[in-house]
> 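Below: one structure in structure tokens.
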Amino acid sequence: MDYQFKDIEQKWQQFWADNQTFKAEDKSTKPKYYVLDMFPYPSGVGLHVGHPLGYIASDIFARYKRLKGFNVLHPMGYDSFGLPAEQYAIQTGQHPAVTTEANIATYRRQLDQIGFSFDWSREVRTSSPGYYKWTQWIFMQLFNSWYNKSADKAESITKLVAHFEKNGSVGVDAVCDEEVAAFTAGEWKAKTPTEQQEELLKYRLTYLRESTVNWCPALGTVLANDEVKDGFSERGGYPVEQKKMMQWSMRITAYADRLLQGLDTIDWPEPLKEMQRNWIGKSIGASVKFPIENQELRVRSQEFIEVFTTRVDTIFGVTFFVIAPEHELVGELTTPEQKGEIEAYIAQTKKKSELDRMADAKTVSGAFTGSYVLNPLTNEKVPVYIADYVLAGYGTGAVMAVPSGDQRDYLFAKHFGLPIVPIMDIQNIETEADPTKEGRYINSDFMNGLTYKEGTAAVIAKLEEIGVGKAKINFRMRDAIFGRQRYWGEPVPVYFKEGLPHLISESDLPLLLPEVDKYLPTESGEPPLGRAEGWSYKSQESGVQSQEGAGYAYELSTMPGWAGSSWYWYRYMDAHNDKEFASKQAIEYWKDVDLYIGGSEHATGHLLYSRFWNKFLKDIGLVIVEEPFKKLINQGMIQGRSSIMYRLQKSIFTLAGYIPDENPIYFSVGLINKYLKKENKKEFYNLLKTIDPIFPGIEVAEANHVPEFGYFNGIHVDVNIVDNDELDINKFRKSRAEYENAILILEDGSISSPTGGGREGAYICGVEVEKMSKSKFNVVNPDDLIARYGADTLRMYEMFLGPLEQSKPWNTNGIEGVFKFLRKFWRLFHNDAWEFSVSGAEPTKAELKSLHKIIRKVEEDIERFSFNTSVSSFMIAVNELTDLKCNNRQVLQDLVITLSSYAPHICEELWVMLGNKAGTLSYASYPKYNPAYLVEDEFAYPVSINGKTKMNLNIPLSLEQKEVEEFVLANADVQKYLDGKPPKKVIVVKGRIVNMVV
RNA sequence: GCUCGGGUGGUGGAACUGGUAGACACGCAGGACUUAAAAUCCUGUGCCCGUCAAAGGCGUGCGGGUUCGAUUCCCGCCCCGAGUACCA
């Protein structure tokens with residue numbers, strides 16, 4: 001029988017499901033290997049052809065590792081809480097759980113069709129109570145922990161309380177809020193429980209605090225920094241504003257340094273690591289206190305303004321001081337004379353949006369407050385300005401300005417006529433600032449003559465000595481906002497008593513998402529959970545008293561999208577455990593993810609939060625590893641490849657007073673380029689005239705106009721009716737009413753008219769690469785391709801497209817080649833009458849050579865994630881074996897195993913036809929490569945003269961360098977090139993090349 | 001601006017540590033089979049100059065360098081993509 005991919009693929013997908021072929025063992029003598037794909041969000045539109053790219057690669061890898069004798073964990077599940085389902089719910093009133101369920105069903109059907117070897121028995125969904133119970137539980141662990149800097153790890157809050165009871169706040173080195181109080185043990189004990197809780201909240205790793213947040217009014221929720229791009233929400237693109245709100249946050253900043261250092265220990269793509277480094281944004285520098293000059297002000301507010309600087313060595317070059325317009329001291333520092341100016345400036349900056357402010361980066365603006373601070377080392381008066389180039393959110397919101405070394409300060413100084421003092425002997429500051437660290441200091445008092453290294457050390461020592469500064473490390477990363485004012489997320493397991501948050505009892509987990517009448521905020525502006533009736537905390541547990549029987553109010557925010565995905569890889573290890581988030585044994589066996597494949601868009605979101613939670617879980621002894629994802633690969637983005645048709649503008653006919661709305665005219669792409677040239681102008685108008693008879697009324701103005709681009713409108717046409725850029729004209733006419741009577745000017749200049757008259761050529765579409773989306777008619781659906789060519793072809797073609805990491809436009813041209821390959825492969829096992837036929841003879845030398853070449857190649861390729869080159873090599877192997885007329889059972893059986901991770905269905909079928917037991921292929925042994933079969937006794941040496949190859953000579957490989965040289969020189973053709981003269985030099989690389997210099 | 005990728009035929013791409021550039025596939029051209037088309041099979045296919053051919057020249061973004069030999073290493077520049085951006 002010919003290759004019947006449909007029957008074969010259905011049959012084996014069913015078999016794998018029925019027999020749970022890919023169920024991973026929790027106990028095994030085999031070494032473990034954990035292959036994970038990034039958690040998909042099941043969106044309503046289903047998969048397009050770009051989505052499975054990474055899944056196919058990881059599946060090939062997983063299948064390969066099974067053949068190599070590993071116990072492979074390769075799970076899949078759904079990150080099923082999220083905004084889109086909720087937006088849809090708001091529009092339609094359908095419960096997000098219902099639409100999510102339907103979307104998951106679509107996803108599952110599409111995934112199953114591709115033949116992945118997932119262990120579906122471990123499927124998880126973040127929105128199922130059995131899962132989010134543990135997300136809530138981890139939240140509780142975070143709430144009950146604080147970060148002890150001396151131990152450099154998270155510890156239980158009870159340990160902190162014990163310390164307070166014994167020693168007060170002395171000796172506590174914690175990552176905590178800025179305004180923590182200092183107290184003695186006695187003072188601590190004297191506090192009321194509420195006061196104590198209030199204080200402890202400042203230490204907890206997840207905490208409630210009034211903070212400035214990204215508020216997105218259109219979505220009705222706050223967003224984390226990584227969910228905001230250029231002042232707009234990443235999902236939906238709605239404007240985002242800054243707002244002060246009481247919010248749950250995660251103290252990720254406690255882990256900033258460990259998150260940074262950990263990057264050096266993991267095998268991730270460099271750009272991804274770089275993105276995380278930038279996001280964390282560690283700066284090493286110093287903080288310096290500048291005393292406020294006005295004595296009176298010092299009494300009323302504080303005595304100093306503190307700055308953070310990475311160039312404390314330039315402190316003698318400070319000629320002015322700038323604070324952010326939002327800085328808390330602006331009001332106090334502004335003198336009556338300057339009040340008008342300052343207020344005008346603040347009003348002006350407030351009007352500017354975040355975006356304007358960024359776009360405006362080059363224009364210098366600011367205003368003088370009228371006040372001064374004192375340089376702590378010179379006691380010189382330094383004027384204080386406000387300017388929006390200083391950000392309130394970074395450092396202390398104040399900078400010491402050194403115009404000689406910093407370009408922004410330089411421009412500011414020029415603009416306001418402030419002095420610019422050089423502090424390095426080799427500094428050149430004529431036209432711009434010079435931030436050099438070379439040379440020796442000048443104008444710098446005790447630092448004069450020192451180098452950068454010496455100077456920095458000296459100035460920090462001096463500042464510390466007089467108590468106005470110290471070395472300091474600053475991070476750009478902020479604590480992550482953890483609450484969302486939305487419905488479709490995990491409820492926060494917290495209730496409020498006397499205005500303070502308390503955890504619900506662990507035995508009351510999961511705290512179920514309540515039903516609401518609408519998925520919108522309440523009339524009073526509370527999140528949607530505020531609509532849930534009778535939703536309050538009344539615990540049977542002894543510790544929690546209910547309040548006059550009514551119960552305590554729950555937290556109404558839900559958790560953000562990244563909560564559920566920050567630990568999910570552990571759940572796969574033990575997906576059905578209802579006692580723990582995963583058992584100790586499971587975690588000890590599976591440890592970490594060996595290979596993680598996914599997109600780079602998660603660089604500063606999921607991948608950072610996951611590392612953070614993992615480190616925390618390790619600190620409290622629940623997991624073993626410091627880093628959860630040992631090796632990570634980014635698959636490239638698959639872009640859309642749009643097909644464009646070129647419609648002739650109506651205007652060319654309006655010139656002649658006629659508008660042919662009924663019969664739009666489209667030009668093939670080659671003609672556009674042709675007719676844009678002046679010399680083809682006549683031909684263009686003549687061509688239009690030949691269309692003329694169809695519309696008796698038309699008169700084409702043979703104007704003086706040379707055709708230009710504006711004459712043609714580019715129109716997107718559905719790529720599914722275009723094959724190799726050629727339009728399927730019949731399908732095109734049927735696709736839409738407006739196309740039915742279109743006139744197509746074909747590539748060769750002939751015309752396809754609606755009446756079907758006189759066509760010869762083809763209509764060729766133009767091409768544009770852009771995002772794959774419905775509106776561009778360039779979405780290619782894997783279902784269609786599978787129906788036409790089968791999953792094995794799709795899998796191999798997606799890999800054949802190019803290196804996994806590279807982004808590229810999807811192009812279905814060429815999929816035929818892969819399909820033909822599989823058919824050719826199938827034919828190796830069959831005779832001319834398509835009957836299964838293999839021979840039991842001893843394999844020939846040539847057959848073994850082909851086989852062992854591919855065995856080695858595929859092994860090497862998979863280990864370095866070069867899947868595209870394997871596909872080519874398979875083609876070469878099958879071509880060779882076809883030429884050898886090979887139908888040798890032994891050879892073909894090994895080939896089946898080798899190919900089975902790429903094209904599993906066809907291989908399973910052939911495996912059984914070869915007489916093996918169904919279902920055993922997945923756990924067969926990858927054939928062992930034997931180099932002996934590849935040994936050659938001759939090699940066709942390329943013989944080159946001055947590096948240019950002239951000919952090839954077959955020379956036995958047994959010959960040594962000297963002998964090869966003699967062999968070559970003895971050759972008559974070689975002598976012809978040498979013109980009888982001896983070469984200056986002969987280079988012989990054994991088994992590679994012969995090169996002669998003349 | 002900074003950081004990280006990447007520039008190879010008509011197209012996707014290959015070339016392991018410096019050693020025959022363009023494997024494999026698509027497309028295209030020609031041929032076979034067919035009444036015809038599709039499918040299939042065979043042959044050719046980097047560019048230029050040659051009547052076919054032989055022979056030659058040029059070729060991995062551009063300009064240099066190292067080397068017997070460079071897509072690969074070094075220096076300078078150009079272009080494309082991604083990320084990031086007043087971060088003190």
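Only a predicted model underlies this, so the values are computations on that prediction, with no experimental measurement involved. Every chain is numbered from 1, with letters handed out A, B, ... down the list of sequences.
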> My understanding is that only residues two or more places apart in sequence, or in another chain, count here; which of them pass side chain to side chain donor-acceptor pair (under 3.5 Å) with A:D267?
A:K631
> I need the CG-C1' distance between A:N278 and B:rA82, as an integer number of Å.
13 Å
> From C-beta outward on A:P803, which listed nucleotide comes closest to its side chain: B:rC87, B:rG12, B:rA14?
B:rA14
> When you compare B:rC49 with B:rG57, how far apart are their C1' atoms, in angstrom units rounded to a whole number?
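Here B:rC49 and B:rG57 have their C1' atoms 8 Å from each other.
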> When you compare B:rA85 with B:rA15, how far apart are their C1' atoms, in angstrom units rounded to a whole number?
39 Å
> From the set B:rG83, B:rG13, B:rC87, return the single nucleotide nearest to any side-chain atom of A:R476.
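Nearest to the side-chain atoms of A:R476, counting from C-beta on, is B:rC87.
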> What does the list of N/O pairs under 3.5 Å between the protein and nucleotides 15-21 of chain B look like, with a distance for each?
unit_1, atom_1, unit_2, atom_2, d
B:rC16, N4, A:R992, NH1, 3.2

> Contact class for A:N868 (heavy atom, under 4.0 Å): base, sugar-phosphate, or nothing?
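Sugar-phosphate, backbone atoms only, no base.
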> Sort me out a list of protein N/O and nucleotides 26-29 of chain B N/O pairs below 3.5 Å, or just none if empty.
unit_1, atom_1, unit_2, atom_2, d
B:rC26, OP1, A:K820, NZ, 3.2
B:rG27, OP1, A:N724, ND2, 3.3

> Taking only residues two or more places apart in sequence or in another chain, which ones pass side chain to side chain donor-acceptor pair (under 3.5 Å) with A:T319?
none
> Got A:M400 and A:T314 here, is their nearest side-chain heavy-atom distance under 4.5 Å?
yes
> Could you give the CZ-to-C1' distance, from A:F819 to B:rC24, as a whole number of Å?
19 Å
> Could you check whether A:F416 and A:F320 have their ring centres less than 6.0 Å apart?
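No, the ring centres sit 6.0 Å or more apart.
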> Can we say A:E880 and A:K849 salt-bridge, meaning some charged N sits less than 4.0 Å from an Asp/Glu carboxylate O?
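Salt bridge between A:E880 and A:K849, a charged N being under 4.0 Å from a carboxylate O: no.
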> If the threshold is 4.0 Å, N to carboxylate O, is there a salt bridge linking A:R277 and A:E274?
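Counted as a salt bridge, because a side-chain N and a carboxylate O are separated by less than 4.0 Å.
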> Expressed as a whole number of angstroms, how long is the span from A:Q806:CD to B:rG13:C1'?
9 Å
> Please confirm whether the shortest side-chain N or O distance from A:Q407 to OP1 or OP2 of B:rG1 is below 4.0 Å.
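Result: no.
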> For A:Y410 and A:S404, does a side-chain donor sit closer than 3.5 Å to a side-chain acceptor?
no
> Give the ring-plane orientation class for A:H830 versus A:W834, where under 30° counts as parallel, over 60° as perpendicular and anything between as tilted.
tilted
> Look at all strands and tell whether A:F821 reaches a base, only sugar-phosphate, or nothing, counting heavy atoms closer than 4.0 Å.
nothing
> Can you list the stems that include RNA chain B, where a stem is three or more consecutive Watson-Crick or G-U pairs with distances under 3.5 Å?
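Counting only runs of 3 or more consecutive pairs, the stems involving RNA chain B are B:1-7 with B:78-84, B:10-12 with B:24-26, B:27-32 with B:40-45, B:46-48 with B:56-58, B:61-65 with B:73-77.
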> Taking for each residue the nucleotide of RNA chain B with the nearest heavy atom, is it A:T310 or A:M996 whose nucleotide lies nearer the 5' end?
A:M996
> What residues from residues 872-881 of chain A pass a heavy-atom cutoff of under 4.0 Å to RNA chain B?
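Heavy-atom cutoff 4.0 Å gives A:S872, A:M875, A:I876, A:N879.
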> Please classify B:rG50 as syn or anti, treating any glycosidic angle within 90° of 0 as syn.
syn
> When the distance from OH of A:Y410 to P of B:rG1 is rounded to whole Å, what number comes out?
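Distance check: A:Y410 OH to B:rG1 P gives 20 Å.
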> Looking only at atom P, what distance separates B:rC74 and B:rU66, rounded to whole Å?
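Between the two P atoms, the distance is 16 Å.
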> In whole Å, I'd like the distance from the CG atom of A:D388 to the C1' atom of B:rC87.
15 Å
> Write down the distance separating the C1' atoms in B:rC79 and B:rG31, rounded off to the nearest Å.
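Those two atoms are separated by 43 Å.
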> Taking the C1' atom in each of B:rG9 and B:rG83, what is the distance between them to the nearest angstrom?
32 Å
> Specify whether A:Y394 and A:F308 have parallel, tilted or perpendicular ring planes, treating 30° as the upper limit for parallel and 60° as the lower limit for perpendicular.
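A:Y394 vs A:F308 ring planes: perpendicular.
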> Reckon A:E274 touches a base, only the sugar-phosphate, or nothing at all at heavy-atom distances under 4.0 Å?
sugar-phosphate
> Considering only B:rU11, B:rG13, B:rU40, which nucleotide approaches the side chain of A:R823 most closely?
B:rU40
> Toward the 5' end of RNA chain B, which comes first, A:R641 or A:Y394, by nearest nucleotide?
A:R641
> Which whole-number value in Å describes the distance from A:K472 NZ to B:rC87 P?
18 Å
> Going by atom types alone, do A:D861 and A:T869 pair a side-chain donor with an acceptor below 3.5 Å?
yes
> With rounding to whole Å, what would you report as the distance between B:rG59 and B:rG64 at their P atoms?
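Pairwise P distance, B:rG59 against B:rG64, rounds to 11 Å.
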> Taking O4'-C1'-N9-C4 for purines and O4'-C1'-N1-C2 for pyrimidines, is B:rG9 syn (within 90° of 0) or anti?
syn
> Please measure how far the P atom in B:rG19 lies from the corresponding atom in B:rC73, and state the result in whole Å.
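11 Å, rounded to whole Å.
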> What class does the angle between the rings of A:Y797 and A:F800 fall in, given that below 30° is parallel, 30 to 60° is tilted and above 60° is perpendicular?
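Ring orientation, 0 to 90° scale: tilted.
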> In this structure, how many angstroms lie between the P atom of B:rG5 and the CH2 atom of A:W268, rounded?
17 Å
> Just say parallel, tilted or perpendicular for the rings of A:F412 and A:Y385, cut-offs at 30° and 60°.
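Geometry flag for A:Y385 against A:F412: perpendicular rings.
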> Check for a donor-acceptor pair, side chain of A:K990 on one end and backbone N or O of A:V988 on the other, with a separation under 3.5 Å.
no
> Got a salt bridge between A:R856 and A:E859, using NZ or NE/NH1/NH2 to carboxylate O under 4.0 Å?
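No salt bridge links A:R856 with A:E859.
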> For A:N811 and B:rG13, give me the distance from atom CG to atom P, rounded to whole Å.
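Taking CG of A:N811 and P of B:rG13, I get 10 Å after rounding.
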> Looking at A:D2 and A:R827, is there a salt bridge between them, counting it only when a charged N and a carboxylate O are closer than 4.0 Å?
no
> Give a yes or no answer on whether the side chain of A:R311 reaches the backbone of A:P435 with a donor-acceptor pair at less than 3.5 Å.
yes
> With P as the reference atom in both, quote the distance from B:rC4 to B:rA53 in angstrom, rounded to an integer.
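Each nucleotide's P atom is 50 Å from the other's.
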